[in-house]
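Working notes for the structure below.
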Amino acid sequence: MDSETVLPIKELNHRLERLHEISRTLSASSDLEAILQSLISAASELTSSELSSILELEKDEEQLYFLAMPKIHQETLKTVKVPLETSVAGWVFQNGQPFLVLDASSEPRHFKGADLATNIVTRSLMAVPIIYLGETLGVLEVVNKTEQAHYTEEDLLILETIASQAAIAIQNNRMMNKAKNSQDQITQLDRMKSGFIAIASHELRTPLGLILGHATFLREVVEPEYKPQMDIIVRNGLRLKEIIDDLAKMDNAQRGVASVHARPISIKRVIEEVMDSFYQEAKQKGLTMCSNVPQDDLLVEGDSTKVAIALSNLVKNAITFTNSGGRIFIIAESIPGFVKTSVIDDGIGIPPKDLVHIFERFYQVESHLTRKHGGMGLGLSVAKVMVEMHGGRIWAESVEGKGSKFTFLLPIKTGQADAASQVLIS
Ligand code: ADP
């Protein structure tokens, strides 16, 4: 082996250390500009060049611009555009191959615009493509090997190694920008959706209130033969009001507008009130409804209106999805730190594939078009929000054709949010 071409061990170690160092920079920082600066300074140092730069394709895709360059030339090179068709960098970008220029004065492809801007005379030049998964992202160049020397195979290898680091840095940055843009879009869409729900529910509420008020009045004064029609109007108006209220509740909770006004409440009382409010409906459908609640009051710190909404939605579903002759059972008991309430029915049950989704907003087991029951698929998601606002949790168990059991836990004291997830479902 020719001893002159072999690098001294010390020099080799230095190069390896430097390459290792830039790999570390790459994984330790997300600042693209800083990473590229350290890559070009390593490129010029390790190939003994006067300067190094990175070029990227302009948005119009017709020319390249300087993405990274030595700080002293930043102002001048910022405005220089490098044509794709008549430059070495353009050739490298289009062909995805390295290019070596030993004498720039006799290379017709050499683009002189950068020399003119920086007052540097390019003598020699080496450029390699920056490639990520087969796509050329840019070009890494080094200019003017010191002491009039020629670029070697070794220089090319080093430059290609640094270019692959640059490819990762540029690609990471693109992905991060993409992810951020998507996130911004989602936030924007979510804001628009919340705005729409808030406006729609607010704007619908007032005319609906008027319709309901007048319809209720008319129901009392019309001839008896028209009463059934008036009943239908009032009943459906009330149903519409429930849907609008559900949308508003979900939206308030999601925007963090809703809050729990915690004070000691008796779960026993809430259960009694909810059962009273559904007594007629259950009876009309031929269902029996009973409860098993211990004599003590089962106090929790919470907001009775919100707990009542959660429980009402469960009882309403139990009535809706249980056939005539069926039974609904509400149990409450105290377990360490929590009060546990379950609504059990022997109704139609829920298939396992749906059971995992039923607490999602707008989810319904039957298609909305074919189902016999009303509803918007919001009842359970509202119940979940109400329970979770208390730091509690809710879940469902069900066997298709046999019945369902919905259970929620409420912490006896507020501020036990995390503890609820530790309690075993049993
Ligand atoms: P909706 O108001 O449309 O009923 P929910 O969020 O309250 O929406 O419930 C979602 C779906 O879960 C319902 O459409 C129904 O298919 C199913 N479901 C809820 N409770 C029961 C139950 N007790 N028995 C059987 N299916 C139920």
Side-chain angles (χ1 to χ4, degrees), residues 193 197 200-201 204 235-254 258 271 274-275 277-279 281-292 306-332 340-389 392-409 425:
K193 178 221 66 188
I197 291 179
S201 55
L204 290 174
R235 202 167 51 244
N236 283 288
L238 285 171
R239 182 72 203 109
L240 210 53
K241 185 174 173 300
E242 265 175 39
I243 292 173
I244 293 168
D245 285 348
D246 274 357
L247 280 171
K249 273 176 223 148
M250 274 306 297
D251 190 55
N252 284 345
Q254 280 208 322
I271 292 175
V274 169
M275 282 179 74
S277 69
F278 283 102
Y279 176 76
E281 204 177 325
K283 195 172 158 209
Q284 266 172 15
K285 214 182 153 182
L287 301 170
T288 49
M289 187 160 54
C290 55
S291 66
N292 184 353
K306 292 189 169 65
V307 177
I309 288 170
L311 184 63
S312 297
N313 288 1
L314 300 185
V315 173
K316 190 161 53 183
N317 280 345
I319 294 174
T320 306
F321 298 104
T322 304
N323 293 323
S324 177
R327 282 187 310 185
I328 296 164
F329 197 41
I330 303 171
I331 330 172
K340 182 172 156 186
T341 309
S342 301
V343 178
I344 305 163
D345 64 59
D346 56 1
I348 63 171
I350 303 164
K353 70 170 176 40
D354 297 300
L355 197 57
V356 286
H357 296 294
I358 51 168
F359 289 99
E360 290 166 15
R361 273 184 298 163
F362 304 112
Y363 191 89
Q364 295 179 319
V365 174
E366 282 177 78
S367 150
H368 199 82
L369 299 173
T370 55
R371 69 191 246 135
K372 299 184 279 293
H373 319 284
M376 292 249 296
L378 279 174
L380 290 179
S381 43
V382 169
K384 185 170 187 278
V385 167
M386 299 295 147
V387 169
E388 287 178 353
M389 280 173 87
R393 60 183 295 230
I394 185 167
W395 67 92
E397 296 150 87
S398 186
V399 178
E400 208 178 346
K402 291 223 177 309
S404 310
K405 177 179 179 185
F406 284 82
T407 305
F408 62 89
L409 296 180
I425 299 172

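The analysis underlying the following values was restricted to heavy atoms, covering all of them including side chains, and did not include hydrogens, waters or symmetry mates. Every number for a ligand or one of its atoms is a count from 1 in the order of the listing.
Proximity to S404 (heavy-atom distance under 4.0 Å) selects the following atoms of ligand 1: 22 (C), 24 (N), 25 (C). Of all the atoms in ligand 1, the ones that sit under 4.0 Å from a non-hydrogen atom of V365 are 14 (O), 16 (O), 17 (C). Set against the non-hydrogen atoms of L378, the atoms of ligand 1 under 4.0 Å away are 6 (O), 8 (O). Of all atoms in ligand 1, numbered sequentially from 1 with element shown, those under 4.0 Å from a heavy atom of I358 are 12 (O). In summary, the atoms of ligand 1 found under 4.0 Å from a heavy atom of Q364, numbered by their order in the structure, are 3 (O), 14 (O). For ligand 1 and Y363, the ligand atoms under 4.0 Å from any heavy atom of the residue are 10 (C), 11 (C). Residue-ligand proximity, G349 to ligand 1, at heavy-atom distances under 4.0 Å covers atoms 25 (C).
At a 4.0 Å cut-off, not a single heavy atom of N313 sits close enough to ligand 1 to count as contact. Residue contacts with ligand 1: G377 is included, with a non-hydrogen atom under 4.0 Å away.
Under 4.0 Å from ligand 1, the heavy atoms of I350 that appear belong solely to its side chain. Counting heavy atoms under 4.0 Å from ligand 1, residue F406 touches it through the side chain alone. By the criterion of a heavy-atom distance under 4.0 Å, the side chain of D345, and not its backbone, is placed next to ligand 1.
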Please report the C-alpha distance between E397 and T407 in whole Å, then the side-chain angles of each, then the deciding distance to 0.1 Å, and finally whether the side-chain contact (heavy atoms from CB on, under 4.5 Å) criterion is met.
-> CA-CA 8 Å; E397 296 150 87; T407 305; 4.2 Å; yes
How far apart are the C-alpha atoms of D346 and T322, what are their side-chain angles, what is the distance that settles it, and do they pass the side-chain contact (heavy atoms from CB on, under 4.5 Å) test?
-> CA-CA 6 Å; D346 56 1; T322 304; 3.5 Å; yes
Test side-chain contact (heavy atoms from CB on, under 4.5 Å) applied to V356 and Y363, step by step = CA-CA 10 Å; V356 286; Y363 191 89; over 6 Å; no
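In this structure, the side chain of S324 engages the main chain of K285 through a donor-acceptor pair within 3.5 Å. Without hydrogens or angle criteria, N292 side chain to I331 main chain gives no donor-acceptor distance under 3.5 Å. When atom types are taken as modelled, the side chain of D345 and the backbone of I328 share no donor-acceptor pair closer than 3.5 angstrom.
Annotation: F321 places no N or O atom under 3.5 Å from an N or O atom of ligand 1; distance criterion only. Polar contact with ligand 1: absent for S381 (N/O pair, distance under 3.5 Å). Polar contact check, N317 against ligand 1: a nitrogen or oxygen pair lies under 3.5 Å apart.
Crowding of Y279 atom OH: a count of heavy atoms from other residues, nucleotides or ligands under 6.0 Å not exceeding 12.
A heavy-atom distance below 4.5 Å is not found between the side chains of V343 and F408.
To the nearest 0.5 Å, atoms OG1 (T320) and CD (E281) are separated by 6.5 Å.
Evaluation of the salt bridge (Lys or Arg N to Asp or Glu O under 4.0 Å) rule for K402 yields no partner, not counting sequence neighbours.
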